[in-house]
Colleague: 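Okay, here's the structure, questions in a sec.
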Amino acid sequence: MNNDQIEALVLQSLEHELGGIKVYQAALECAVHPGLKKEWSNYLAETRGHVTALEGACAALGIDPQRELPGRAVVRHVGGALVEAMKLARAAGDAAAAELVACECVVLAETKDHLDWELIKKCGEHLTGKAGAALSEAANEIEDQEDEHLYHSKGWCRELWIQSLGMPAVLPPPEEVQKVKTAIGAARAEQAAEQAR
Ligand SMILES: [Fe+2]
Ligand SMILES: [Fe+2]
């Protein structure tokens, strides 16, 4: 195992979760549909928990959670750009358009979040001792939440876009109704939405 790269992954993940709090705060300002607001409010609370879990993982792995690395600065920059994009959309004054922008920003952010936790889980499986146990414990608790964050937000994004185009939309999206937690489940939910149109 490459310990430097494990440290980079944990610190990028921490930075991304810290940015994720700001992304959800901005996204909630843009959300219009009450179901989406409720969903994202839960994800904001869970994201705060992910910060705490990663701070705990840093302690277990002997990583300084404040350490600056080039990759971490990039993650912070991307998160800030997503927040700026949502502010720009809101300033334009079209609430439905801003909601779509927020959906896209959340999907982009959650794609990295999902990858981070998939990789953290793999590191936990391969590392031995206290470090491996700490990563596995955190990932086992959080991985399901990240599946929901990504797949459900993708469903909202697709259906709200379809509604905006004047086609029949399935809201809330089947991903949420079916409590999808896997890629194959998400594919089935999308198919169900197509059949319902
Ligand atoms: Fe997260
Ligand atoms: Fe997430």
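When a ligand or atom number is given, it counts from 1 through the structure's own listing order. Quick caveat, the model's predicted, so the values are computed rather than measured.
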Colleague: Please name all residues satisfying salt bridge (Lys or Arg N to Asp or Glu O under 4.0 Å) with E175, sequence neighbours left out, ordered by chain then number.
Modeller: R158

Colleague: Among pairs that include at least one residue of residues 38-66, which meet salt bridge (charged side-chain N to carboxylate O under 4.0 Å, His left out), considering only residues two or more places apart or in two chains?
Modeller: none

Colleague: Keeping to residues at least two apart or across chains, list the side-chain hydrogen bond (donor to acceptor under 3.5 Å, both in side chains) pairs with something in residues 17-32.
Modeller: E17-H50, E17-W117, Y24-E110, E29-R90

Colleague: With the Fe ion (ligand 1) as the centre, enumerate protein N/O/S atoms below 2.8 Å in chain and residue order.
Modeller: E17 OE1, E17 OE2, H50 ND1, D113 OD2, E146 OE2

Colleague: Please lay out, stage by stage, how E15 and K112 fare under the test salt bridge (charged side-chain N to carboxylate O under 4.0 Å, His left out).
Modeller: CA-CA 11 Å; E15 189 65 45; K112 160 82 173 155; over 6 Å; no

Colleague: Could you check whether any side-chain N or O of R72 sits under 3.5 Å from a backbone N or O of R67, counting only pairs where one atom can act as donor and the other as acceptor?
Modeller: yes

Colleague: Is there a donor-acceptor pair under 3.5 Å between the side chain of E99 and the backbone N or O of H33?
Modeller: yes

